[in-house]
Amino acid sequence: MLLNAFHMNCVSHIQHGLWVRDDTRQLEYTQLEPWVELAQILEKGCFDALFLADVIGLYDTYRGGPETSILEGMQVPVNDPALLIPAMAHVTEHLGFAFTSSVLQTHPFTFARQISTLDHLTRGRVAWNVVTSYLSNAAASLGLGGLPSHDERYERADEYLDVTYKLWEGSWEDDAVLRDTQRRMYADPAKVHPIHHAGKHYEVVGPHLCEPSPQRTPLLFQAGSSTRGRQFAAKHAECVFIVTSRSSLSGSASIIQDIRTQAVRQGRRPEDVRFFQGLTPVVGGTEAEAKAKEAAFIEQANMEGSLAHMSGSIGVDLGTINLDQPLATFDFQSVRGSVKGLIESSPDKSATFRDLIRSRMLRQFLTGTPEQIADELQAWFEAGVDGFNLVYTVTPGTFVDFIDGVVPVLQARGLVQRAYAPGPLRQKLFGEARLPKRHPAAAYRRG
Ligand SMILES: Cc1cc2nc3c(=O)[nH]c(=O)nc-3n(C[C@H](O)[C@H](O)[C@H](O)COP(=O)(O)O)c2cc1C
């Protein structure tokens with residue numbers, strides 16, 4: 001069972017409204033200290049990685065503007081996640097660092113160099129969460145006119161990955177770097193190749209500016225679940241971040257089965273793709289204590305922040321919806337498809353839209369004693385997920401409680417590691433530092 005901590009370089013990430021508490025360090029996100037401390041805590045708890053989300057733009061759909069997001073620190077202001085990594089890597093030896101970067105935000109040539117630099121500095125502990133952006137404000141600020149359509153964004157992502165694969169895997173041969181002080185040959189020019197990529201979106205001559213790093217291609221994460229998103233994951237992803245219900249994991253229609261089947265059709269193996277479920281653990285010494293903690297979080301949660309978050313994610317202004325209207329009375333002709341999907345997801349149609357939003361928040365909570373939480377995680381694991389991206393309510397408190405309480409129980413059951421495997425992040429997770437030959441990136445290797 002793999003464990004990641006899910007975080008973001010901002011004030012309020014997922015559980016909104018809790019940043020005002022005095023037992024959380026969210027207000028210190030602009031400083032290095034809480035990040036360095038978090039990395040040390042996670043490594044002590046044998047976590048596999050810290051996973052940093054990011055969005056490049058602000059959520060301005062709710063009530064027709066960004067005011068709620070700004071008031072609530074809801075993923076804005078948001079600092080660059082990648083820049084945190086070297087400081088955290090310096091105080092740890094094994095913890096992995098996954099960060100999010102959209103294919104819309106940086107040219108693949110410069111992005112490939114940024115990743116290679118981080119892969120060198122971390123000795124191969126970096127992972128990239130490939131995202132395609134969903135906020136139109138991002139596209140507007142990047143000068144794209146508007147957000148390209150959903151499928152066009154994935155098409156662009158395919159080409160983006162092709163460019164980076166050519167740079168990471170195909171530009172420098174394994175024995176290009178000589179470091180030969182006697183013959184004054186740092187590297188052999190005959191073994192450093194331009195890539196001459198000419199595609200619909202990018203033209204890159206190359207060669208890659210960095211010498212080969214431990215993993216070359218970073219460990220690849222992805223988190224999209226549409227038909228096109230699943231195709232993309234099946235081709236490229238090594239780790240997929242999902243947020244689903246446990247019951248939906250059984251059967252061939254499950255996202256895990258679907259992506260693995262598609263991956264196999266492309267010549268990959270089922271075990272080449274690992275799945276991480278997002279959950280928010282609330283640990284208590286007793287069940288009553290845990291429930292009381294959860295109740296306090298829910299009481300303090302900010303519904304407005306959650307609605308602004310959800311509005312931006314689905315592209316529909318939920319501010320126009322009467323929150324106290326029973327779901328059964330919604331006129332499906334007048335609501336957008338994504339809202340219809342939300343309403344349909346609720347078994348209880350006498351519930352109101354407000355109840356629905358609250359139950360979606362609650363669904364993420366995993367509340368109980370360490371043993372109860374370990375039981376639940378084990379049940380998820382047996383249902384087919386490989387690991388978890390744990391969402392905080394308070395930071396680093398959520399992770400400290402989990403590590404002190406739940407990790408020893410999971411370790412005693414032999415479900416999580418007690419010590420790290422050697423080598424780069426991919427080697428720790430998959431046994432090899434480099435991508436396997438059956439991954440499409442390997443086609444660009446020379447020799
Ligand atoms: C659990 C999860 C985490 C995500 N994290 C991010 C993120 O940090 N940044 C981002 O821009 N998009 C993020 N996304 C959005 C996806 O990458 C993707 O753009 C979105 O789900 C739409 O793709 P789809 O239609 O294939 O689902 C996340 C999605 C999910 C389900």
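One-based numbering, in listed order, for ligands and for the atoms of each. Computed from heavy atoms alone, side chains included, the values below leave out hydrogens, waters and symmetry copies.
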For this session: Could you list all the salt bridge (charged side-chain N to carboxylate O under 4.0 Å, His left out) pairs where at least one residue sits in residues 92-121, not counting sequence neighbours?
Result: none
For this session: Collect the protein residues that have a non-hydrogen atom under 4.0 Å from ligand 1 and hand them over in chain and number order.
Result: A53, D54, V55, T100, V131, T132, Y134, H150, Y154, A223, G224, S225, S226, G229, F241, V243
Exercise. Mind checking what makes side chain to side chain donor-acceptor pair (under 3.5 Å) contact with R230, not counting sequence neighbours?
Worked result: D258
Problem set entry | Donor-acceptor pair between D162 and Y444 side chains, under 3.5 angstrom | yes
For this session: Verify whether one side chain among S12 and Q75 offers a donor that lies under 3.5 Å from an acceptor in the other.
Result: no
Problem set entry | With R269 via salt bridge (charged side-chain N to carboxylate O under 4.0 Å, His left out) - residues at least two apart | none
Exercise. Near E432 CD, under 6.0 Å, is it more than 12 heavy atoms from other residues, nucleotides or ligands?
Worked result: no
